[in-house]
Protein chains: 2
Amino acid sequence: MTQATAGETDDPRDRALGPEGRQALITEMVLSTGSVSAQELAESFGVSAMTVHRDLDELQRQGVLRKSRGGATAQPSGTFESNVAFRSKANIEAKQQLARYAAGLVEPGMSVLLDDSTTVFHLLPHLAGLTPLTVATNYLTALTDLSEMRDVQVVALGGHYDAQHRSFMGTPCIESLRSMRFDVAFVSTSAVTGAYTFHQEDKIVAVKREMVAAAEKAHLLVDHSKLRRTALHRLLPLHTFASVVVDPATPAAELATLRENDVRVDVA
Amino acid sequence: MTQATAGETDDPRDRALGPEGRQALITEMVLSTGSVSAQELAESFGVSAMTVHRDLDELQRQGVLRKSRGGATAQPSGTFESNVAFRSKANIEAKQQLARYAAGLVEPGMSVLLDDSTTVFHLLPHLAGLTPLTVATNYLTALTDLSEMRDVQVVALGGHYDAQHRSFMGTPCIESLRSMRFDVAFVSTSAVTGAYTFHQEDKIVAVKREMVAAAEKAHLLVDHSKLRRTALHRLLPLHTFASVVVDPATPAAELATLRENDVRVDVA
DNA sequence: GAAACATCACACTCAAACCTGTGAAGTTCA
DNA sequence: TGAACTTCACAGGTTTGAGTGTGATGTTTC
């Protein structure tokens, strides 16, 4: 499988990559060497020039590089910006892993409470296969998606809309949470340090606290980029969660630190 | 292609319909005859009983009919008419006129309460020009649209999602309404007779009553097709509304009847 | 203007998603 | 209980759409 077929001029390892894998490699190349040639790319991947152009168009759209005649160069604003783009992609993968794991904690018939995090967004497709379910959230995007699923009883938490988070917050949201009770809640936050969780926004802290209180078991979903960071407001101590779920890329040292404080930590 | 193969017992015209076409025909049948037999459907379409069951499940989910042993029956009179798919096609022009008039009753800075009617749907674009506004509703489609407008503070009324109306209802919705107060509310209903308004669904009646109670001025928006009709549940007497707005196509006789009972009636 | 490169429009491939039937297992009704 | 009906799980069959290449047609560069 790793052996080159006689007569083939290109590395067969690169043949079966989809656009995604190819574009990831192109990103690496352009970041390390500063520029790439379209023709060279076509040869080294064993694809046509057209396909390379399409890849470069896509990467340009994402802001990773800039096309030029004959190939592409790294964004002038520097490696940093590209690294951010790369990081946010890596985080997406982590979030998908967290979401997949979280789906495993849900069983048909349960009542589930979701916050307005992007991790939750990745969780939604998995829920379609775990019906019947009752799902409550304050996240507008999720409400729309859930409303189209069969055998999902959707509950909206009311409140004042916050365009930045696309979710509903404030007193109405908190009031509704106080009069409901859920089997399980999935909550995320922006920072975790030591035995505490943090978030930079007051009103979100208020809602998340109430969410945790309204659920039999509340699971905290965080990718490892959130660890060893803080934010303005203290949210809750880690031990108030039934478990803390982190992505597989979390360093062992971080895991050990988390586990110090009588906290159950699971790796997705 | 249009010729029947020898030995085939069923009508070839019905063979190539997808689920969609088949379901449309089933809908017609069940509406005209009141009930259908699963076995007969299977034979007349030349498909298996399993497929018919899947069609009926889907139509039941859409609120078009109700499954029963051996087949399906039409939804109790009136319920189907409250189905979004049906309502949105009827009297579009009248509804747009009502919506335009209603927009004239809104001024920048107001807090506005909207119900889940299609008339409200047509009102939304007008609101963009009347900002700043605070707008509350239990109608999912409206929440999505409003969330994209600038200078509109959006408030969601929470509750249990109802796929047929695309809106949130039940206790949580009513509770939030009880703790809020609005300058103006726009409410619609499915039937008006004499001095009373009616609606066929219990849970909607409960929400609309609370909406009217939560607003300084509540306006009833009805196109003339709703007049001289009744539905199962009494909603509210006409005089509880600040005004009743009807479309210009309303017969003069109807107008006179409405005005008999000390009710303010405006023509859009 | 010729060569190199970029884009466009169309067609092909292949895998995922959808639709359907089958037979077994479960449920309801008489 | 037995018959009719419904649901479930799985396995074809079909359709759809993403990904790709090809050759024709623009566009840039020297």
Side-chain angles (χ1 to χ4, degrees), chain A residues 8-27 30 35-62 65-73 96 100 107-109 122 124-133 145 148-151, chain B residues 1 5 7-27 30 35-62 65-73:
Chain A
E8 298 258 332
T9 61
D10 39 79
D11 187 340
R13 282 179 306 170
D14 296 343
R15 302 297 301 281
L17 300 168
E20 203 177 325
R22 224 172 30 235
Q23 285 164 24
L25 287 179
I26 294 176
T27 302
V30 86
S35 74
V36 288
S37 140
Q39 207 179 335
E40 280 170 24
L41 287 173
E43 284 166 17
S44 86
F45 286 117
V47 297
S48 72
M50 187 68 238
T51 298
V52 168
H53 277 295
R54 282 190 269 242
D55 285 339
L56 295 180
D57 284 343
E58 174 59 21
L59 291 171
Q60 178 170 252
R61 195 191 63 79
Q62 289 176 22
L65 49 73
R66 205 174 38 176
K67 282 184 77 175
S68 55
R69 193 169 175 79
T73 61
Q96 283 173 339
R100 208 173 309 124
E107 285 168 28
H122 295 293
L124 294 175
H126 298 288
L127 295 182
L130 295 166
T131 55
L133 282 176
D145 286 5
E148 287 160 9
M149 291 184 193
R150 275 181 295 183
D151 297 321
Chain B
M1 201 203 280
T5 311
E8 299 259 334
T9 61
D10 36 80
D11 186 342
R13 284 177 307 169
D14 296 343
R15 302 298 301 283
L17 301 168
E20 203 176 325
R22 223 171 29 235
Q23 284 163 25
L25 286 179
I26 295 176
T27 302
V30 85
S35 74
V36 289
S37 138
Q39 205 179 335
E40 280 171 24
L41 286 173
E43 284 165 17
S44 84
F45 287 115
V47 296
S48 72
M50 189 68 238
T51 298
V52 168
H53 277 294
R54 283 190 268 241
D55 286 339
L56 295 179
D57 284 343
E58 174 59 22
L59 291 172
Q60 178 170 253
R61 194 191 64 83
Q62 289 175 24
L65 49 72
R66 211 173 32 179
K67 279 185 79 175
S68 55
R69 191 169 176 82
T73 60

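Naming: A, B, ... by sequence-line order, numbering from 1 per chain.
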Spacing between [X] atom [atom1] and [N] atom [atom2], to the nearest angstrom:
{"X": "A:Gln39", "N": "C:dC5", "atom1": "CD", "atom2": "C1'", "answer": "9 Å"}
{"X": "B:Lys67", "N": "D:dT7", "atom1": "NZ", "atom2": "C1'", "answer": "8 Å"}
{"X": "A:Gln23", "N": "D:dA18", "atom1": "CD", "atom2": "C1'", "answer": "13 Å"}
{"X": "B:His53", "N": "C:dA24", "atom1": "NE2", "atom2": "C1'", "answer": "15 Å"}
{"X": "B:Glu43", "N": "C:dG21", "atom1": "CD", "atom2": "P", "answer": "13 Å"}
{"X": "A:Phe45", "N": "D:dG19", "atom1": "CZ", "atom2": "P", "answer": "16 Å"}
{"X": "A:Leu41", "N": "C:dA6", "atom1": "CG", "atom2": "C1'", "answer": "15 Å"}

Practice task
At under 4.0 Å between heavy atoms, which parts of nucleotides 23-30 of chain D does protein reach? Answer with one letter per nucleotide, 5' to 3': B base, S sugar-phosphate only, - none.
Solution key: -----BS-
Problem - Contact letters for nucleotides 10-20 of chain C, in which S counts primed atoms plus P, OP1 and OP2 and B counts the base, heavy atoms under 4.0 Å - result: ---------SB
Practice task
Scan A:Ser68 against the nucleic acid and name what it touches under 4.0 Å (heavy atoms): base, sugar-phosphate only, or nothing.
Solution key: sugar-phosphate
Problem - Set of side chain to side chain contact (heavy atoms under 4.5 Å, CB included) partners for A:Arg150, sequence neighbours left out - result: B:Glu58, B:Arg61
Exercise for the section: State, to 0.1 Å, how close B:Val47 and B:Arg22 come at their nearest heavy-atom pair, and which atoms those are. Expected result: CG1-NH1, 4.1 Å
Completion exercise
Note: A:Ala72 and A:Leu56 closest approach over all heavy atoms is CB-CD2, 4.1 Å
Problem - Flag if over 12 foreign heavy atoms under 6.0 Å of CD, A:Glu20 - result: no
Practice task
State whether the number of non-hydrogen atoms from other residues, nucleotides or ligands found under 6.0 Å of B:Gln39 atom CD is greater than 12.
Solution key: no
Problem - Close side-chain approach of A:Ile26 to A:Leu65, heavy-atom, < 4.5 Å - result: yes
Exercise for the section: Could you check if a side-chain atom of B:Leu25 sits within less than 4.5 angstrom of a side-chain atom of B:Phe45, using non-hydrogen atoms only? Expected result: yes
Handout entry: Rounded distance [0.5 Å steps], NZ in B:Lys67 versus OG1 in B:Thr73
Key = 12.0 Å
Problem - Nearest-0.5 Å distance, CG of residue A:Asp55 to CG of residue A:Leu41 - result: 8.5 Å
